[in-house]
Amino acid sequence: MKIFSESHKTVFVVDHCPYMAESCRQHVEFDMLVKNRTQGIIPLAPISKSLWTCSVESSMEYCRIMYDIFPFKKLVNFIVSDSGAHVLNSWTQEDQNLQELMAALAAVGPPNPRADPECCSILHGLVAAVETLCKITEYQHEARTLLMENAERVGNRGRIICITNAKSDSHVRMLEDCVQETIHEHNKLAANSDHLMQIQKCELVLIHTYPVGEDSLVSDRPKKELSPVLTSEVHSVRAGRHLATKLNILVQQHFDLASTTITNIPMKEEQHANTSANYDVELLHHKDAHVDFLKSGDNHLSGSSREGSFKETITLKWCTPRTNNIELHYCTGAYRISPVDVNSRPSSCLTNFLLNDPRYKIDGNLEIPLERAKDQLEKHTRYWPMIISQTTIFNMQAVVPLASVIVKESLTEEDVLNCQKTIYNLVDMERKNDPLPISTVGTRGKGPKRDEQYRIMWNELETLVRAHINNSEKHQRVLECLMACRSKPPEEEERKKRGRKREDKEDKSEKAVKDYEQEKSWQDSERLKGILERGKEELAEAEIIKDSPDSPEPPNKKPLVEMDETPPVEKSKGPVSLLSLWSNRINTANSRKHQEFAGRLNSVNNRAELYQHLKEENGMETTENGKASRQ
Amino acid sequence: MPTVVVMDVSLSMTRPVSIEGSEEYQRKHLAAHGLTMLFEHMATNYKLEFTALVVFSSLWELMVPFTRDYNTLQEALSNMDDYDKTCLESALVGVCNIVQQEWGGAIPCQVVLVTDGCLGIGRGSLRHSLATHSQRSESNRFPLPFPFPSKLYIMCMANLEELQSTDSLDCLERLIDLNNGEGQIFTIDGPLCLKNVQSMFGKLIDLAYTPFHAVLKCGHLTADVQVFPRPEPFVIDEEIDPIPKVINTDLEIVGFIDIADISSPPVLSRHLVLPIALNKEGDEVGTGITDDNEDENSANQIAGKIPNFCVLLHGSLKVEGMVAIVQLGPEWHGMLYSQADSKKKSNLMMSLFEPGPEPLPWLGKMAQLGPISDAKENPYGEDDNKSPFPLQPKNKRSYAQNVTVWIKPSGLQTDVQKILRNARKLPEKTQTFYKELNRLRKAALAFGFLDLLKGVADMLERECTLLPDTAHPDAAFQLTHAAQQLKLASTGTSEYAGYDHNITPLQTDFSGSSAERM
């Protein structure tokens, strides 16, 4: 169906003149006898709907089905006509729902049987209908704006469904002529307006309705072209359920609907909760849903829908769905449905079963969220090793706190702190000579040496962080921290050493001094590492050390006696390394944030003796198990 | 998309072609030459596709059922005998049967008809078929349009002048028309020779058998892929937007979503996504998928060792139970997912959604989908125990909003009985009683059915008189109050018949001394 076919705009014109207040002469028993009633009660007399009530409820049913299956882009404008036209809603999408229409109809109320019939006419409504068809809908407006110079490609077609009580065939012809003339006039007006559109095609569906038992004064007439713009058809229908059936047929024709009946749905009985019976539910939907069925030749067509309406329905047997929703099934189409008998018990059981999902809604952002999603993917994939054995850092739990936040667009102070902590932790691991999860697949022997492993790890981490330094100043700070803390690759040092020899001879520029200083610290740390290596090798190899920073320290570790050589190294030498500069700064900053540990305040040479009270109680043995405090 | 090659083996195909060389060719040799070229092309670029070979004269025969073995097809070409006259209709009926048996009615299929443009004589000739076309009954329906999505390509072993000298071309054009315009006629340009046949089949290959190569992207990760079968252009709306949309050759992943959330969405078509290795010159070296064929060049093995994003993506989607949403063009999306072939084997596949800003209503507008980290609160909950999907529509559908329909008497009776049932359980059911009462009141006012309000008011008054002695005194008060309010509404005066007005329970207090407030 084209977007702007006749079905884009439907105008209902319902007669509100005094004779519409007449009874349809079809009785409804509403006072049904319920069991356990006292004997001898006479039920209240049955009541009957007026022609107006029949017309309104049938048109509402038409709209209900239409809105269910086409919640957008298929619009209804509702007009009632008596001494004038009352337009109950507009083409805007907000006005397109049953509640709005019901409220507006309640405000109009039933026709007044005592009003002067001479003043009242359906013509007012028909003229208003033509007028409203010329009004542009938001969808037409949008399409026109989008197409710019091709705006004329946007069609303006519509349908007028007029429910009235006509006097004769010539009366009907008079109504048709009036519509045709009005279209002619309004198209002239619309030609000179930006807000109106000329009607290209109008389908007039005139429904003459009359009380059951009376003879119709109007004859049926199939669709006929009255002019290139206007076609008209006449239906003469008895009121009551006949009118409802007619509109049900029309909504299916107008919107290309078809019917499917789901059979054998097991449902618990209302009266006897423990028993279950099988029910059928008939659904309407767009007829495309049947295309593949009909093509396969395997049609489950059954001729007789209940109520004996004209159309055929395809029957499907109910199959209780498995609750496995992690499987993706091949699906060629999904269609909106509307139950034919919406508030019958089987229908509501079925729809409630299908609707029982918990629902939730996200608020839209100012920025287009999907663009933000693309942006996030870009950031996350700046550094993304594709093979597990080709990455070290993504195999290390210890790196997770940094890797998970560095890809963010912006970092909080806390994020930066966490990144720094991660880096310090890695420095610590390196100092302790913890093994790294470097793959030895494809290499001979034990794989790279420990210091080589750390060099690989630091390089990789630097690559990751560098990929994000332009995100924000805080990302830059993470890199600064990383560069200050990481050990330098030996080749670089070799190169610098060679360079220094040359530079020594030439000039003593600042750069050279810096290099020298860096190298000094490198040598220091190398030396330190060597010491640590020697001291810890056997220990480290023997123990399984998890790379998680959360892992507890192994108990009964030997005190790292060599540690006491570290601080003097930094203090005694003249030039200060970047590492110690940084550490000092961090330490000073950190020390301001907390009260200094009592132990550290009382320490000698940065060593505090623990469990002194035990010593006092038990003698000297425990000191051997005491652990030197770090930092 | 499977292909059926329908080869004319009538006597007229043995007509000699005058060629400047020493060898003498017949038209069927030219045809075989062209088909060889097609098969070779498919063996390289379409090796996953199935092709069948049908030969026909007055009878038809399935020479090679659907196969991926192009050698078998090739061999069959050289083993064709010559038969009697051309009878196209029965051959097309045969094609219908073969395709429907193998693929059903939903899989698109290409039919390549190779003929010399001599359409037979008498009964069964195409002229005869077309002349009787309008007098067909359902039982002997003409096989076109094919009962499955199709393209009919007619390869004529004749040049245009020859075809135009008779009405052959007109008849063949009618065939395409009968197939709803789906298809095309190819004729030989210039004299009948191998070179011109090649160029004709070259045109067919360009039109229907060029592989679709694309670059799959996810941020900085990329892979060269072949999308198979080739995605066909799609027309959204013939009136407003008549230009067929083709998908981008840059397929950009925009995000990932749980399978449960996307829940088997409707798709236009499904395609395999096969990684391809490109060497430095940009030539295709081979697809990355493994193949049993021993002769497969070593490029496949090399390609197998290079890490490929497709492998990463496929593995991740499978493990996580997710699909990747991929942008196919402006306001056009699709999904990438892992599809299990068998228990052991699965493939990376891509399905195309219908173009538009909101192809899947339960996900809302595609452009409004965003990263979880942007949400104030994780929409999936901290324990991943909920989901933001499906989205609730702004206006509920009728079946989700308890609408009132009284077209059938049973609908009205049910609603009245609900009120009555609750009336007998007053005051315990006061809330439900008034809720049902107000629902009925609203509908009656909208439908202008004021008699019903009066009738129900009478009914409630009667109920009041029937109350047993043991009844709570409040029951009588509420019934009287409700009846009175309905009667007022039934006058239709705006004061009492407001649609948004609700009848509220009468405030009574039987707990203490101040029992009487009326």
Side-chain angles (χ1 to χ4, degrees), chain A residues 2-3 28 30-32 38 44 47 49 52-53 56-57 61 64 68 97-98 102-103 105-107 109-110 143 153 155 241 244 292 295-296 325-326 328-329 331-334 339 342-343 351 355 357-362 364-365 368-370 372-374 376-378 380-382 384 386-387, chain B residues 104-106 147 218-221 237 239-240 253-255 259-260 263-267 307 312 321 337 366-371 374-375 379 386 388 390-393 395 397-400 403 405-407 409 411-413 416-417 420 445-452 455 458-459 466 492 499:
Chain A
K2 292 172 189 156
I3 297 175
V28 193
F30 73 101
D31 187 21
M32 303 293 284
T38 340
L44 294 169
I47 48 176
K49 299 170 185 173
W52 164 258
T53 298
V56 165
E57 68 176 4
E61 182 69 358
R64 177 186 73 78
D68 272 357
N97 61 70
L98 287 180
M102 296 278 271
L105 282 168
R153 240 195 256 151
R241 64 166 184 276
D292 287 340
K295 237 194 283 178
S296 70
N325 57 0
I326 53 155
L328 211 53
H329 298 278
C331 169
T332 54
V342 65
N343 47 13
T351 49
L355 287 171
D357 298 314
R359 274 135 202 274
Y360 196 94
K361 192 165 166 67
I362 301 180
N365 263 343
I368 296 170
L370 201 63
R372 304 252 319 123
K374 283 191 212 170
Q376 186 168 317
L377 281 177
E378 188 276 322
H380 276 78
T381 54
R382 282 185 193 166
W384 185 296
M386 280 215 270
I387 297 179
Chain B
C218 177
H220 293 274
L221 303 172
D237 179 80
E239 188 181 21
I240 304 291
I253 291 174
V254 294
I259 286 179
S263 49
S264 304
V267 299
L312 170 68
Y337 54 97
M366 282 307 213
Q368 289 299 316
L369 296 175
D374 273 9
K386 56 181 183 177
L391 289 187
Q392 178 84 291
N395 284 315
R397 308 291 163 251
S398 72
Y399 44 83
V403 292
V405 178
W406 290 334
I407 285 171
L412 177 63
Q413 285 154 3
V416 173
Q417 276 176 32
L420 210 53
L445 289 173
F447 296 149
F449 198 4
L450 303 183
D451 284 355
L452 178 67
D458 291 343
M459 201 179 70
L466 294 174
Y499 184 75

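Quick caveat: nothing in here was measured; it's all calculated off a predicted structure. Each chain gets a letter, A, B and so on, in the order the sequences are listed, and its residues count up from 1.
The pair A:E378-A:R382 meets the salt-bridge criterion, with a side-chain N (NZ, NE, NH1 or NH2) lying under 4.0 Å from an Asp/Glu carboxylate O.
Between A:V342 and B:V403, the closest heavy-atom pair is CG1-CG2, 3.6 Å. Residues A:D31 and A:L44 come closest through the heavy atom pair OD2-N, 2.9 Å. The minimum heavy-atom distance between B:L420 and B:M459, with the atom names listed, is CD1-CE, 3.5 Å. For the residue pair B:S264 and A:C331, the shortest heavy atom distance occurs at O-CB, 3.5 Å. Contact between B:V416 and A:F30 at its shortest, heavy atoms only, is CG1-O, 3.5 Å. Residues A:P369 and B:A367 come closest through the heavy atom pair CD-O, 3.1 Å.
Heavy-atom distances place the side chain of B:L412, and not its backbone, under 4.5 Å from chain A. Residue A:A107 does not touch chain B at all, counting heavy-atom pairs closer than 4.5 Å. With a 4.5 angstrom heavy-atom cutoff, A:E57 touches chain B via backbone and side-chain atoms both. Within the 4.5 angstrom heavy-atom criterion, only side-chain atoms of A:I387, from C-beta onward, approach chain B. Of the two parts of B:F449, the backbone and the side chain both hold a non-hydrogen atom closer than 4.5 Å to a non-hydrogen atom of chain A. Both the backbone and the side chain of B:D458 come within less than 4.5 Å of a heavy atom of chain A. Residue contact with chain B, scored on non-hydrogen atoms closer than 4.5 Å, involves the backbone and the side chain of A:L328 alike. The part of A:N97 that comes within reach of chain B is its side chain, from C-beta onward, which places non-hydrogen atoms under 4.5 angstrom from that chain. When heavy atoms are compared at a cutoff of 4.5 Å, B:L221 approaches chain A by way of both its backbone and its side chain.
Heavy-atom pairs under 4.5 Å with chain A were tallied for B:D451, B:V405, B:L450; the largest tally goes to B:V405. In terms of heavy-atom pairs under 4.5 Å with chain B, the best-connected choice from A:A334, A:G109, A:P339, A:A103 is A:A103. Interface check for chain B: of the options A:I47, A:V28, A:V56, the most heavy-atom pairs under 4.5 Å are formed by A:I47. Comparing B:G255, B:A400, B:G219, B:A446 by how many heavy-atom pairs each has under 4.5 Å with chain A, the most go to B:A446.
Inter-residue side-chain proximity for B:Y337 and B:I259 is flagged as unmet; no heavy-atom pair is nearer than 4.5 Å.
Note that CZ of B:F447 and CG of B:L452 are 11.0 Å apart. Values are rounded to the nearest 0.5 Å.
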